[in-house]
Each structure stands twice: as structure tokens, then as C-alpha cells.
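Proteins get letters first, then strands, A, B, ... in listed order; numbering begins at 1 in each.
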2 protein chains.
Amino acid sequence: MDNEDSQDKWQIQLRKGALELVILAALRGPPVYGLAMLRHLQQFPTTAITEGTLYPLLDRLKREELVGADWIQDGDTRPRKYYRLTAKGERKFQALAASWRQSITDINALLTMPAGAPVDTQGS
Amino acid sequence: MDNEDSQDKWQIQLRKGALELVILAALRGPPVYGLAMLRHLQQFPTTAITEGTLYPLLDRLKREELVGADWIQDGDTRPRKYYRLTAKGERKFQALAASWRQSITDINALLTMPAGAPVDTQGS
DNA sequence: CACAATACCTTGCATTGCAAGGCATGATGT
DNA sequence: ACATCATGCCTTGCAATGCAAGGTATTGTG
């Protein structure tokens, strides 16, 4: 239950998937701490979220073991909580990225296709 | 308030926007009735929704005057409720399509860019 | 009459995104 | 020493969403 096959009807939910996707994407490289990631995402209007969105989501990803976190003290500054991708998170990222691409394809198809005229009817 | 400029923070909400977008897209052509539209959307996994999703959403779009509806009797069959796009809906569709394209661009950018390494650092 | 198919619509629940606010720690000024 | 500000993490409470499940009405078939 709830393994990475849970795209059961999750391709449908690009609404939920999109944010999760970009967060996992942000963590592919070196570990990042919360506020840094927030600033990273705020570069783009589409992903300009706030702390109230980010931290609960990171919590969920951690409960699902897609990300891990370590408190690291960086020289002088106060310790920060650095997040990183687990192996499971890596796989999930690949899967989500794939269904993201599929969704784009599907939606683009619908954007060029009204419901009224399925295949047909344009002169002969 | 709540005119079509309400993309206040709506680019962020491609989650909500995506479904709304494809429904408006489906109605650009000739009018369509509910279940026909459902089958149309079910062609693609991404948009395979159910009646419990579609009808409340169509209600909302109607309240917002983005779509209109008429009962039409089609020869023999029972009357069906045909939905169509209003002028306002047409404009909304254009706006949503534009922010959809923007979102795709943004997310694709993030998909090729981990948070750790802003601009740099590959060899010299 | 019963039964199924078509078509529209509603109820109730879990989940989401978010504004707003609350800690705690370190840096800075006097 | 003390107050103040900035940084960083996290929580509470609300409105909105998507959906499974069920309900109603009409038409057709036996």
C-alpha cells in the first residue's frame, strides 16, 4: 500500500503532483535547507509558494521517506535543517517527471481539440 | 473583485487551473452535453474525471458566467443540457491558456535546475 | 409490470494551499 | 548586560478542491 505504484489515479492529479515534483527536483543536487529552497522556488511565479505550504509538504515527503533531513552547522551560523533525496525519492521523482510529461502531452492535445468534432467532418 | 483579472495568484494554481482549462477548451467548438464531455475527457488518463467532479465544476463555471447552458431536445432522445462558452468564458480561456504555457515553461526550467547550484560550477 | 441504460445532480469526506502567527537562536548596538 | 532585529523552522485554522457513492427522472425492452 502506498508504494511508488500509487500513481493509480495520480496522473490525474497533476494539481498535487506539480508542487511535489518541483520540490523533489530541487533536491536532486546537493542538500538544501528550507528557506533557501523557498527562495529558489520563488524565482518563478508558478512556484512562488510560502512557508506555510513548503514545510507541511516537506513533512509529508519525509513521512513517506522520499526525502531525508539532517541538522547541519555550517561554520558560524546557527544549524539548519538540510533536506536531501532518498533513493526512494529519486525513483519517485523519475516517475512523477514521466507522468508530468504525459500530462503535458494530454492537455496540449485537448487544447487543440474541441469536444464537438472528434475525428471528422471537415469537407471531404 | 473576481473579474477576469483574478489571476492574482492564479498562475500558482495550475492545480485548479488545469481542469478548468481543459473544460473550457472542450467547449470552444459546438455545444456539448455533460456525459459527452465526460467521455471526451476520459480519452486521456490525465483528465479522466468522474461526474462528481464534472458537474459541480460546470456549476461553478456557470455561476461565474464563463459558460451557458440550454436544454435541447435532439430528435427522439430525452432532452440534454448543452453547455457552451460565453464571451467572458472565451476571454478566460485565452488567459488560462497563457498562464498554463507560462507554468510549463517555469516548471521545465526547474526540472533542469537543482536548487543547490544556481548558475555555475561545472569544470571551468 | 420489472429492469436496464442514459443523463443529470447531490452529499459527505479527506486532502490541499495558504495567511497568519509563534517559537528559538544568533548578530548588532548601546 | 540588555533590548532589538533578522534568520530559520514549525503550527493553527480556514476555504476550496476532487471524488466515491448514491439519488432522481426518463426512455426503451421484455
Side-chain angles (χ1 to χ4, degrees), chain A residues 1-2 6-23 31-42 45-64 67 69-83 103 115, chain B residues 1-2 6-23 31-42 45-64 67 69-83 103 115:
Chain A
M1 55 303 265
D2 237 353
S6 300
Q7 307 178 317
D8 305 326
K9 48 195 63 170
W10 277 90
Q11 278 130 349
I12 305 169
Q13 250 134 331
L14 81 166
R15 300 160 282 278
K16 178 180 180 186
L19 251 191
E20 191 168 326
L21 174 63
V22 296
I23 287 185
V32 195
Y33 68 96
L35 289 192
M37 186 150 143
L38 200 73
R39 289 182 204 114
H40 174 66
L41 295 175
Q42 283 171 341
T46 306
T47 54
I49 61 175
T50 69
E51 303 168 55
T53 300
L54 179 62
Y55 285 116
L57 217 165
L58 283 173
D59 278 357
R60 203 192 75 212
L61 297 179
K62 191 154 146 244
R63 276 199 308 279
E64 295 172 1
V67 310
D70 316 277
W71 288 97
I72 295 185
Q73 178 147 19
D74 230 2
D76 261 1
T77 73
R78 226 156 353 115
R80 305 196 265 230
K81 198 173 186 178
Y82 280 82
Y83 293 89
S103 293
Chain B
M1 56 302 268
D2 237 354
S6 299
Q7 306 179 319
D8 304 325
K9 50 194 62 173
W10 276 87
Q11 279 130 349
I12 304 170
Q13 252 133 330
L14 81 166
R15 297 161 284 276
K16 179 180 181 185
L19 251 191
E20 191 168 328
L21 174 63
V22 295
I23 287 185
V32 194
Y33 69 97
L35 288 193
M37 185 150 144
L38 200 72
R39 290 181 202 114
H40 174 66
L41 295 175
Q42 283 171 342
T46 307
T47 54
I49 61 175
T50 69
E51 303 169 54
T53 301
L54 179 62
Y55 286 116
L57 216 164
L58 282 172
D59 278 356
R60 202 193 73 212
L61 296 179
K62 190 155 147 244
R63 277 199 309 279
E64 295 172 1
V67 309
D70 317 280
W71 288 97
I72 295 184
Q73 179 148 19
D74 228 4
D76 262 0
T77 72
R78 227 157 348 119
R80 305 198 264 229
K81 197 171 185 180
Y82 280 82
Y83 293 90
S103 293

Grab the CG-P distance between L54(A) and dG8(D) for me, whole Å please. 13 Å

Mind calculating the distance between CG (L19(B)) and C1' (dT17(D)) to the nearest angstrom? 10 Å

Are L57(B) and I49(B) packed together at the side-chain level, in the sense that at least one heavy-atom pair is separated by less than 4.5 angstrom? no

When the distance from CG of L58(B) to P of dC8(C) is rounded to whole Å, what number comes out? 10 Å

CE of M37(A) versus P of dG8(D): gap in Å, rounded? 15 Å

Do you know which two heavy atoms are closest between A115(A) and V32(B), and how far apart they sit? CB-CG2, 3.7 Å

Atom CG of L38(A) and atom OH of Y55(A): how far apart are they, to the nearest 0.5 Å? 7.0 Å

Specify the residue among Y82(B) and L57(A) whose closest nucleotide of DNA chain C lies further upstream toward the 5′ end. Y82(B)

Any side-chain heavy atom of M37(B) within less than 4.5 Å of one from L58(B)? yes

Check whether any side-chain nitrogen or oxygen of T50(B) sits under 4.0 Å from OP1 or OP2 of dC19(D), and answer yes or no. no

Here the distance between atom P of dT24(D) and atom CZ of R80(B), to the nearest Å, is 23 Å

Contact under 4.0 Å: Y33(B) side-chain N or O vs dA7(C) OP1/OP2: yes

Indicate the atoms forming the closest heavy-atom contact of E51(B) with P56(B), along with that distance. O-CD, 3.7 Å

Please tabulate the protein-to-nucleotide N/O contacts below 3.5 Å involving nucleotides 10-14 of chain D, giving atom names and distances.
from: dC10(D); atom 1: OP1; to: K81(A); atom 2: NZ; distance (Å): 2.7
from: dC10(D); atom 1: OP2; to: Y83(A); atom 2: OH; distance (Å): 3.1
from: dC10(D); atom 1: N4; to: E51(A); atom 2: OE1; distance (Å): 3.1

Whole-Å distance, D70(B) CG to dA7(C) P, equals 17 Å

For the pair made of CG in L41(A) and C1' in dC18(C), what is the distance, rounded to whole Å? 15 Å

If every non-hydrogen atom of R39(B) is compared with every non-hydrogen atom of Y33(B), which pair is closest and at what distance? NH1-OH, 3.8 Å

What's the CZ-C1' distance between R60(B) and dC9(C), to the nearest Å? 17 Å

Whether R39(A) contacts dG8(D) is assessed here as follows: a side-chain N or O lying under 4.0 Å from the phosphate OP1 or OP2. Is that the case? yes

Given dA7(C), is OP1 or OP2 found less than 4.0 Å from the side-chain N or O atoms of R78(B)? no

Side chains of L41(A) and I23(A) in contact at under 4.5 Å (non-hydrogen atoms): yes

